[in-house]
S.K.: 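Please see the structure below; I have some questions.
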Amino acid sequence: MVNLKGIFEKLINTRTTLFQDKKVLLDETYIPENLLHRETEAKKLASILAVALRGETPSNILIYGKSGAEKTAVAKVIADELVKTGKKMGREISVVYLDCQIFNTEYRVFAKLANQFGGRVPFTGWPMEKVYNTFKELADKKKQYILVILDQIDKVFFDRDHRKEIKHLLYLLTRINSEFKNTKLSLIGISPDLRFVKYLNLKVQSSLGREEIEFLPYNEEQLKDILKQRAESAFKEGVSDESTISLCAKLTAQDGDARKAIDLLKIAGEIAEIECSDKITDSHIKKAEEKIRRNKINGTILPMLIQKKLVLYSALLLEENRITTGELYQKYKELARALSLDILTIRRISDFIFELEMSDILSCKVISLGRYGRTKEIKLEMNPLEIKRVLEEDEGILNFPSFLF
DNA sequence: CTTCCACGGGAACACTGGGGTG
DNA sequence: CACCCCAGTGTTCCCGTGGAAG
């Protein structure tokens, strides 16, 4: 038996950390002072919002571009500046930032807004009308400009059940201006999904996209600059070098996603630390890449409802053939029956298929088989073995009667 | 031109859980 | 405390629609 006394002290004292200031790599919370390669976008955003300082109402703005293009960071920084400048000029400006993944219903958005201005709206229970009016009255008490940032609005939109609601929410938020006497309000919507933008332009005559700003993905060189900037303050001297940075940039250049690039660097650093290396090597980065991939699969598949997992499992079992919705539904029914679960209707299943498509696990194409009707051609987008591995961690599925296969 | 099958929007329903009122 | 009101969630039911093979 090893002497375990003081095991933690030993761990802490013997392992030297490679990090100098790790929070620089935590992309969620850390915003650097210089946002590299985003000058154009930042300037454009600022120029639209600037009219608020003259007491006018800025147009509503739609910001779009792939994830990791620093849309949120730029919007936050600019909004901050706006508030600061407003203070100097004696203008009351408030910014409300809402992550629509959390505030994903009308009620929650307006409750949050009302509470931001001193309201005491409970998180459930009140009629919508009352919540809306509470916000309206509180916000309208004094002369001010309110900028509402709706981050990730596509997430709400592409969750089917919320589509109607997001339309109505946008309607309410844009209409509220005409009900204010003193206050002015405008919106910034942020979406990484171009389909949302398209839809908005096509069908909804919403004023959300009055002004649009596109954030292009970073190229490899730009990613290098960004990584270099972060690495300098995040790591101790000599931990990362030119080749570390280059490889990280190269591996993530395809998406142009700064968040992914930074995350890769961070995890590579952690792995290097665990392996007691004094610098990050290419093999650490490769391992980090693998780890990220695994985490992503675990994170999306594990928490799914059993019913949804079953749909995915059905797709997995049919993988060899060309899968249509009808075939998949037959397979699903078989499985559900074998597990004596409720058998859901095909309508519901097609919603699950849609959701799986939204999380990039499946890809679908609507095709017409002429005489044989119209259907969806479904394809798996992830390594079947990996999906299988994760799915089978669910005991329910593990206990499948083996005759099914 | 017909036919067929699933697409996908929307209404309705059941159930849960919290708020407000007398 | 009993009772009703309300929003949220997961689901079913209903139905008009698309588009190429036959």
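Lettering of chains follows the sequences in order, A, B, ..., and the numbering in each one begins at 1. All values derive from a computational prediction rather than experimental measurement.
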S.K.: For the pair made of CD in A/E106 and P in C/dG8, what is the distance, rounded to whole Å?
M.R.: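 To the nearest whole Å, that distance equals 8 Å.
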S.K.: Expressed as a whole number of angstroms, how long is the span from A/E327:CD to B/dC7:P?
M.R.: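 That distance rounds to 12 Å.
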S.K.: Measure the distance from NE2 on A/H168 to C1' on B/dG9 and round it to the nearest whole Å.
M.R.: 17 Å
S.K.: A/Y218 vs A/H37 aromatic rings, parallel, tilted or perpendicular, using cut-offs 30° and 60°?
M.R.: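 Perpendicular: the ring planes of A/Y218 and A/H37 meet at over 60°.
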S.K.: Under a plain distance cut-off of 3.5 Å, with no hydrogens placed, do A/S243 and A/D241 share a side-chain donor-acceptor pair?
M.R.: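 A/D241 vs A/S243: donor-acceptor pair found between side chains.
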S.K.: Side chain of A/T325, heavy atoms from C-beta onward: which of C/dT11, C/dA7, B/dA6 has the nearest atom to it?
M.R.: B/dA6
S.K.: Calculate the interatomic distance between A/L310 atom CG and C/dT11 atom P; express it in whole Å.
M.R.: 12 Å
S.K.: For the residue pair A/D151 / A/T72, report whether a side-chain donor-acceptor contact shorter than 3.5 Å exists.
M.R.: yes
S.K.: Can you check the A/I323 CD1 to B/dC7 C1' distance for me, whole Å?
M.R.: 18 Å
S.K.: For the pair made of CD in A/E129 and P in C/dC5, what is the distance, rounded to whole Å?
M.R.: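 That distance rounds to 17 Å.
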S.K.: Would you please indicate yes or no on a ring centroid separation below 6.0 angstrom for A/F235 and A/F19?
M.R.: yes
S.K.: Has A/K379 got more than 12 heavy atoms of other residues, nucleotides or ligands less than 6.0 Å from its NZ?
M.R.: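 12 or below, so no.
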S.K.: How about A/R108 and A/N104: does a side-chain donor come under 3.5 Å of a side-chain acceptor?
M.R.: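 Yes, side-chain donor-acceptor contact under 3.5 Å.
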S.K.: Spell out protein contact along nucleotides 12-22 of chain C as letters: B when the base is contacted, S when just the sugar-phosphate is, - when no protein heavy atom is under 4.0 Å; keep the 5' to 3' order.
M.R.: BBB---BBBBS
S.K.: Report, as yes or no, whether the 6.0 Å neighbourhood of atom NZ on A/K22 holds more than 12 heavy atoms from other residues, nucleotides or ligands.
M.R.: yes
S.K.: Does the A/T325 side chain pair with the main chain of A/S350, one donor and one acceptor, at a distance under 3.5 Å?
M.R.: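 Pair absent, no side-chain N/O of A/T325 close to backbone of A/S350.
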S.K.: Show which side-chain atoms of residues 363-374 of chain A pair as donor or acceptor with protein atoms under 3.5 Å away, not counting sequence neighbours.
M.R.:
from	atom 1	to	atom 2	distance (Å)
A/S363	OG	A/E381	OE2	3.0
A/S368	OG	A/G370	N	3.4

S.K.: Starting at CG of A/L341 and ending at C1' of C/dT11, how long is that distance when rounded to a whole Å?
M.R.: 15 Å
S.K.: Going 5' to 3' through nucleotides 14-22 of chain B, assign each nucleotide B (protein heavy atom under 4.0 Å from a base atom), S (under 4.0 Å only from sugar-phosphate atoms) or - (no protein heavy atom that close).
M.R.: ----BSS--
S.K.: To the nearest Å, how far apart are A/I349 CD1 and B/dG8 P?
M.R.: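 So the CD1-P distance, A/I349 to B/dG8, works out to 15 Å.
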